[in-house]
Amino acid sequence: MRILEKISALPFSNLHKLVPEGINGSFGRPALKEAFKNDFYIGAALSLDQILGKEPKSLEVVEKHFNSITPENILKWEEVHPELDRYNFEPVDRFVALGEKNKMHIIGHTLVWHLQTPDWVFQDQAGNPLNREALLERMKDHIFTIVGRYKGRIHGWDVVNEAVSDDGQLRKSKWFEILGEDFIIKAFEFAHQADPDAELYYNEYDYEIQPKCEGVIRLIKTLKSKDVHLDGVGIQGHWFKDWPPIGDIENYILPLSKLNIDLMITELDVSALPFYAVDSQVVDISSFNAELQKKHNPYPDALPDSVQTELANRYAELFSMFLKHRDKISRVTFWAVHDKQSWRNYVPIRGRTDHPMLFDRNCKPKPALNAIIKAANAGK
Ligand code: G3I
């Protein structure tokens with residue numbers, strides 16, 4: 001059933017009109033998922049605490065505004081499969097149950113990545129690097145166990161995450177060192193065998209770097225030429241108020257969309273802080289002198305109205321562009337529910353106070369929320 005029929009079939013269209021103001025003042029407003037029900041899914045990444053019900057205000061926002069959820073960390077190898085013979089499924093079971101209770105489009109993130117993957121994965125009992133067969137068997141076991149457990153319940157998977165470097169070559173990860181390019185093909189093969197009905201995605205960031213974008217396009221063409229089951233490509237979208245220019249994003253959305261796959265904005269957040277490359281070496285703000293601390297952490301208490309307006313205009317601009325390409329984009333997922341949760345507070349500069357999301361640290365909607373809904377209405 002085409003995505004749009006699924007979304008508009010969901011039973012909550014007019015509910016909010018019947019319910020009085022909620023504790024975080026968002027119930028009177030149109031819901032994000034309602035505003036885009038004929039365009040694309042609207043999702044959010046959930047933290048462990050939110051999944052365990054430790055943030056009721058966050059869950060109210062999630063159930064009100066979003067019709068898709070992604071786990072921020074609990075399905076990453078080190079979290080869900082910390083030891084060879086030990087899986088940690090309890091939080092994932094709760095995540096999937098939360099999604100099913102709200103009839104949401106549930107995403108799995110991520111099966112094969114160079115980060116948050118324990119060293120033991122690549123070593124034998126004696127600590128020596130595994131050979132090709134042994135590592136393939138270990139990857140297969142991991143994917144079959146996890147994708148198999150949530151077969152028919154997790155609708156789409158980020159099978160491989162961030163495997164292309166800025167020069168467009170494949171990242172020299174431990175997966176690549178032992179398995180070569182095959183690790184990507186095999187990961188998709190195993191995931192498709194484990195759940196033939198699940199959508200399978202390749203997920204990446206910094207497509208603005210031309211050689212990297214060309215490298216991803218080459219990779220997708222290679223996978224397609226080998227009949228690898230691939231449904232979509234994720235554009236993470238870790239952006240800034242003034243970077244990248246909208247035109248630069250469109251400059252890669254168009255060629256990517258020519259690959260006959262769905263495009264998704266999978267990890268959207270717009271930092272309110274000055275530009276600082278996201279994959280820089282992680283440092284602590286206290287290691288900067290006072291002047292640089294002021295420059296890189298200018299809003300430790302609250303975001304000035306003028307910057308709230310800049311952020312709102314930026315989000316409106318982005319969503320107007322997403323709507324323009326609604327025929328290519330099937331989902332837009334925010335990489336947190338609220339400002340306090342966002343990784344932009346601690347990566348790449350630890351100890352900062354960023355304000356990148358639509359909801360503030362008390363789950364109160366920010367002007368950016370209204371700006372996006374206005375963009376939706378304008379796009380109708
Ligand atoms: O789970 C441990 C906890 O046991 C320990 O007490 C705590 C103390 O340090 O650390 C916790 O692990 C943290 C983990 O998040 C779970 O909260 C890690 O230190 C921390 O590094 C990790 O950060 C995550 C980061 O990926 C790791 O690379 C961020 O929350 C998460 O937002 C971020 O998400 C990635 C996407 O998966 C892929 N694309 C980029 C995006 C941003 O880096």
Side-chain angles (χ1 to χ4, degrees), residues 1-14 16 29-45 62 64-70 102-107 109 155-156 158 199-205 207-208 213 216-217 220 230-239 244-270 311-335 357-358 368-380:
M1 184 158 76
R2 275 228 16 89
I3 284 187
L4 295 180
E5 290 140 6
K6 271 194 217 164
I7 297 173
S8 49
L10 291 174
F12 47 64
S13 303
N14 302 315
H16 67 280
R29 302 161 193 277
L32 273 175
K33 62 188 177 189
E34 181 66 6
F36 296 102
K37 72 172 184 285
N38 299 322
D39 308 305
F40 34 70
Y41 285 111
I42 288 283
V62 169
K64 158 86 182 169
H65 286 285
F66 299 107
N67 52 24
S68 179
I69 51 174
T70 304
N102 292 286
K103 296 185 175 49
M104 291 170 157
H105 186 63
I106 304 172
I107 304 297
H109 174 83
H155 305 110
D158 291 339
E199 292 187 350
L200 305 181
Y201 317 132
Y202 174 75
N203 195 40
E204 192 56 89
Y205 68 103
Y207 289 83
E208 295 78 23
C213 184
V216 173
I217 291 173
I220 302 303
L230 174 73
D231 297 285
V233 163
I235 297 166
Q236 291 183 8
H238 296 298
W239 293 320
I246 291 290
D248 288 17
I249 302 173
E250 288 189 287
N251 284 346
Y252 55 76
I253 280 183
L254 296 173
L256 285 169
S257 67
K258 299 248 177 334
L259 300 168
N260 187 20
I261 44 171
D262 267 351
L263 299 184
M264 296 153 286
I265 310 298
T266 55
E267 303 182 13
L268 182 61
D269 47 33
V270 174
L311 191 71
N313 294 343
R314 175 60 163 169
Y315 269 117
E317 175 189 57
L318 286 167
F319 272 80
S320 300
M321 185 266 288
F322 299 154
L323 286 166
K324 179 179 166 192
H325 298 290
R326 58 166 65 94
D327 60 323
K328 309 173 188 72
I329 295 173
S330 60
R331 171 168 57 93
V332 176
T333 291
F334 291 89
W335 202 240
M357 310 317 295
L358 305 185
L369 176 69
N370 263 354
I372 288 176
I373 289 173
K374 268 210 197 92
N377 297 336
K380 287 209 168 59

Participant: Check the pair His325 / Phe322 against side-chain contact (heavy atoms from CB on, under 4.5 Å), numbers first and verdict last.
Facilitator: CA-CA 5 Å; His325 298 290; Phe322 299 154; over 6 Å; no
Participant: Could you tell me whether the side chain of Ile220 reaches within less than 4.5 Å of the side chain of Ile261, counting heavy atoms only?
Facilitator: yes
Participant: Looking at Ile265 and Gln236, what are the two nearest heavy atoms and their distance?
Facilitator: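 The pair with the smallest heavy-atom distance is CG2-O, 4.2 Å.
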Participant: Does the side-chain contact (heavy atoms from CB on, under 4.5 Å) test come out yes or no for Asp269 and Phe334, once each step is laid out?
Facilitator: CA-CA 6 Å; Asp269 47 33; Phe334 291 89; over 6 Å; no
Participant: Working to the nearest 0.5 angstrom, can you tell me the gap between Lys33 NZ and Asn102 CG?
Facilitator: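 The NZ atom of Lys33 sits 6.5 Å away from the CG atom of Asn102.
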Participant: Between Asp248 (side chain) and Pro244 (backbone), is there a donor-acceptor pair under 3.5 Å?
Facilitator: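 No: the side chain of Asp248 does not pair with the backbone of Pro244.
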Participant: How about Tyr41 and His105: do any of their side-chain heavy atoms sit closer than 4.5 Å?
Facilitator: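 Result yes, sub-4.5 Å side-chain heavy-atom pair found.
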Participant: With the side chain counted from C-beta on, respond yes when Ile106 and Ser68 share a heavy-atom pair under 4.5 Å apart, and no when they do not.
Facilitator: no
Participant: Please check if atom CG in Asn260 has more than 12 non-hydrogen atoms from other residues, nucleotides or ligands closer than 6.0 Å.
Facilitator: no
Participant: What's the spacing between Thr333 OG1 and Ile107 CD1 if we round to 0.5 Å?
Facilitator: 6.5 Å
Participant: Tell me the closest heavy-atom pair linking Pro30 and Ile373, and the distance in Å.
Facilitator: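 For Pro30 versus Ile373, the nearest heavy atoms are O-CD1, 3.2 Å.
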Participant: Count the heavy atoms of every other residue, nucleotide or ligand shown that sit under 6.0 Å from NZ of Lys374, and state whether that count exceeds 12.
Facilitator: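 Counting other residues, nucleotides and ligands, NZ of Lys374 stays at 12 neighbours or fewer.
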Participant: Supply the atom-to-atom distance Ile372 CD1 to Asn377 CG, rounded to the nearest 0.5 angstrom.
Facilitator: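 These two atoms lie 12.0 Å from each other.
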Participant: Could you tell me whether the side chain of Asn67 and the main chain of Ile42 form a donor-acceptor pair under 3.5 Å?
Facilitator: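 Pair found, side chain donor or acceptor close to backbone of Ile42.
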Participant: Please check if any side-chain donor atom of Glu317 sits under 3.5 Å from a side-chain acceptor atom of Tyr315, or the reverse.
Facilitator: no
Participant: Answer yes if the side chains of Glu267 and Asn203 hold a donor-acceptor pair under 3.5 Å, and no otherwise.
Facilitator: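 Side chains of Glu267 and Asn203: pair found under 3.5 Å.
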Participant: Is it true that the side chains of Glu199 and His155 contain a donor and an acceptor less than 3.5 Å apart?
Facilitator: no
Participant: For a 4.5 angstrom cut-off between non-hydrogen side-chain atoms, does Arg314 reach Ile246?
Facilitator: yes
Participant: Taking all non-hydrogen atoms of both residues into account, name the closest pair between Leu358 and Ala368 and its distance.
Facilitator: CD2-CB, 3.7 Å
Participant: Check whether any side-chain heavy atom of Ile235 sits under 4.5 Å from a side-chain heavy atom of Tyr252, and report yes or no.
Facilitator: yes
Participant: Please report the C-alpha distance between Leu230 and Tyr201 in whole Å, then the side-chain angles of each, then the deciding distance to 0.1 Å, and finally whether the side-chain contact (heavy atoms from CB on, under 4.5 Å) criterion is met.
Facilitator: CA-CA 6 Å; Leu230 174 73; Tyr201 317 132; 5.5 Å; no
Participant: Atom NZ of Lys324 and atom CD1 of Ile253: how far apart are they, to the nearest 0.5 Å?
Facilitator: 9.5 Å
Participant: List the atom of Ala375, the atom of Ala316, and the distance in Å for their closest heavy-atom pair.
Facilitator: CB-O, 4.0 Å
Participant: Pair Met264, Val233 - check side-chain contact (heavy atoms from CB on, under 4.5 Å), show working.
Facilitator: CA-CA 6 Å; Met264 296 153 286; Val233 163; 5.7 Å; no
Participant: Does Trp335 reach the side chain of Thr266, with side-chain heavy atoms less than 4.5 Å apart?
Facilitator: no
Participant: How many angstroms lie between atom CZ of Phe40 and atom CZ of Phe319, to the nearest 0.5 angstrom?
Facilitator: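 Phe40 CZ to Phe319 CZ: 6.0 Å, rounded to 0.5 Å.
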Participant: Heavy atoms only: give me the nearest Arg326-Asp39 pair and the separation to one decimal.
Facilitator: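 That would be NE-OD1, 2.7 Å.
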Participant: Say you draw a straight line from CG of Asp262 to CG of Leu256; how long is it, rounded to the nearest 0.5 Å?
Facilitator: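 Separation between the atoms: 12.5 Å.
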Participant: Give the minimum heavy-atom separation between Leu254 and Ser257, together with the two atoms involved.
Facilitator: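 The answer is O-OG, 2.6 Å.
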Participant: Under 3.5 Å, side chain of His109 to main-chain N/O of Asp158, donor-acceptor pair present?
Facilitator: no
